[in-house]
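To keep things clear, I will list the structure first and then write my remarks on it.
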2 protein chains.
Amino acid sequence: MQTPGEFVREQVTTVRSTVDRVAGSVAESVAGSVGEKPSVAAVSSQVGDFIREQRSAARVSLRELARAAGVSNPYLSQVERGLRKPSAEILASIARGLKISAETLYEQAGILDRRSGNPDTVAAIRSDEGLSERHKAVLLELYETYVREHRSATETSARAAAAARPAAASQPAVQPRNSKESA
Amino acid sequence: MQTPGEFVREQVTTVRSTVDRVAGSVAESVAGSVGEKPSVAAVSSQVGDFIREQRSAARVSLRELARAAGVSNPYLSQVERGLRKPSAEILASIARGLKISAETLYEQAGILDRRSGNPDTVAAIRSDEGLSERHKAVLLELYETYVREHRSATETSARAAAAARPAAASQPAVQPRNSKESA
DNA sequence: CAGCAGCGCTTGCAACTGCTAGCACCCCCG
DNA sequence: CGGGGGTGCTAGCAGTTGCAAGCGCTGCTG
């Protein structure tokens with residue numbers, strides 16, 4: 001029987017080989033939704049629709065929002081109708097005008113991927129100076145993977161305890177073994 | 001002892017960096033008189049410097065990164081030198097090529113606010129309720145491994161820097177090792 | 001009725017982004 | 001020496017972004 005330390009070490013080794021594969025898709029998980037030209041048009045329309053929704057909800061005219069945001073109203077109109085694809089700076093300005101977070105619009109625009117997990121943990125890893133940027137990216141990706149697993153495992157076990165184990169085997173090399181060890 | 005070629009190369013490098021510094025301050029003082037521009041120029045230079053650093057750390061040529069990122073190498077060169085301000089999409093592509101998260105580059109570019117995290121990554125992971133205990137252990141082990149690697153790379157770089165000081169090779173030779181180990 | 005204020009949108013343009021073609025330089029080989 | 005491979009950068013250009021000037025429409029007022 002393995003000691004806990006050995007078990008962890010083995011996991012780390014397994015994780016290492018997985019991490020190399022995962023690392024290649026790290027920024028892709030963020031950029032993937034921005035990569036393909038076809039979806040760009042849809043995304044422009046999405047953020048435009050979203051802006052219009054928020055503006056309507058706030059009962060603000062296009063000109064009022066444009067003024068508040070510091071952008072031209074014709075341009076804002078074009079953005080809302082998906083005719084133009086605004087830069088991040090413009091999105092941030094519009095967010096300010098709408099009194100919502102810029103990240104919200106970035107996500108709608110497909111610029112920023114929604115992060116799972118605890119923002120504090122994410123921020124801790126991101127700001128840790130003892131890590132290289134690449135290692136940060138790898139840890140964050142793994143962290144998110146685990147959080148998603150934990151979440152789905154929690155939901156699955158809430159539904160049917162018997163089905164919980166097979167469902168946990170949906171993730172790559174790491175989780176299956178983990179699952180086996182606990183069984 | 002330096003060869004004549006090395007000496008000339010060193011001189012050219014020195015001249016280059018001087019010119020860049022002077023050019024940078026010129027652009028800054030010009031932009032400063034326009035009001036908003038200064039911070040934009042500074043930010044463009046910041047993300048460009050950061051990209052160059054990460055690229056050097058990864059021991060990747062400009063062309064290789066450009067290829068990996070799917071952007072043109074002249075454009076990447078201009079971005080690194082702060083001559084152009086890339087869109088979020090381009091930043092995400094570059095991040096993918098560098099195998100780091102896009103958010104990192106967004107932060108450097110001033111598009112995304114940096115969230116100050118818990119200074120203690122270990123504590124953050126430990127107290128994260130979105131993780132199972134096993135996953136916490138795995139993440140922490142990996143984290144420690146990475147920190148150790150980073151630390152030894154830093155120490156190696158400190159030694160290498162001392163040895164390399166006469167050659168004045170402020171360029172990478174140091175961190176590539178880190179990159180190799182993680183790759 | 002005309003005039004005014006508001007609404008959102010059209011049009012043309014300057015500035016910018018990201019690219020291609022090519023340059024200058026370096027190193028190595030036959 | 002010339003040729004090949006690599007490096008990073010220059011210059012010109014097409015397409016895009018964000019703007020200003022202006023349009024057409026609606027409702028209200030004297």
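Below, chain A is the first sequence line, B the second, and so on; all start at residue 1.
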- Query: Between A:Glu80 (CD) and D:dG18 (P), how many Å, whole number?
  - Reply: 15 Å
- Query: NA contact type, B:Leu76, heavy-atom cut-off 4.0 Å: base, sugar-phosphate, or nothing?
  - Reply: nothing
- Message: Between A:Ser77 and A:Arg81, is there a side-chain donor-acceptor contact under 3.5 Å, judged purely by atom types and distance?
- Response: yes
- Query: Distance only, no hydrogens: is a donor on one side chain within 3.5 Å (strictly under) of an acceptor on the other, for A:Asn118 and A:Tyr143?
  - Reply: no
- Figure out the CZ/P separation between B:Arg59 and D:dT7, and round it to whole Å. 14 Å
- Message: So which atom in B:Ile111 and which in A:Tyr106 form the shortest heavy-atom distance, rounded to 0.1 Å?
- Response: O-OH, 2.8 Å
- Roughly, in whole Å, what's the span from CD in B:Gln78 to P in C:dC19? 10 Å
- Task: Indicate whether OP1 or OP2 belonging to D:dT10 is found under 4.0 Å from a side-chain N or O atom of B:Arg81.
- Result: yes
- Item | Short side-chain N/O contact from B:Ser87 to OP1 or OP2 of C:dG18, under 4.0 Å | yes
- Query: In residues 60-70 of chain B, what residues come within less than 4.0 Å of DNA chain D, judged by heavy atoms?
  - Reply: B:Ser61, B:Leu62, B:Arg63, B:Glu64
- Message: Measure CZ/B:Arg84 against C1'/D:dC13 and give the value in whole Å, please.
- Response: 11 Å
- Grab the CG-P distance between B:Leu83 and C:dT17 for me, whole Å please. 11 Å
- Query: For C:dG8, does either OP1 or OP2 sit under 4.0 Å from a side-chain N or O belonging to A:Ser77?
  - Reply: no
- Shortest non-hydrogen separation from B:Leu76 to B:Ala66 and the atoms involved: CD2-N, 3.7 Å
- B:Lys85 has an atom NZ; how far is it from atom P of C:dC16, in whole Å? 11 Å
- Item | Minimum heavy-atom distance between A:Glu133 and B:Phe50, given as atom pair plus value | CG-CZ, 3.7 Å
- Please state how far atom CD1 in A:Ile90 lies from atom P in D:dT16, giving the value in whole angstrom units. 18 Å
- Nearest heavy atoms of B:Thr121 and A:Ala124, plus distance in Å: OG1-O, 3.4 Å
- When you get a sec, tell me which of C:dC9, C:dG18, D:dG18 is the closest nucleotide to the side chain of B:Tyr75? C:dG18
- Task: Round to a whole Å and report the spacing from CZ of A:Arg52 to P of C:dG8.
- Result: 8 Å
- Query: Among D:dC19, C:dT17, C:dC9, which nucleotide sits nearest the side chain of A:Ser72?
  - Reply: D:dC19
- Counting N and O atoms only, with roles assigned by atom type, does the side chain of A:Arg55 sit under 3.5 Å from a partner on the main chain of A:Val60, one being a donor and the other an acceptor? yes
- Item | Closest listed nucleotide, where the reference is the side chain of A:Pro86 and the choices are D:dG18, D:dG8, C:dT10 | D:dG18
- Side-chain-base donor-acceptor pair under 3.5 Å for A:Asn73 and C:dC7: no
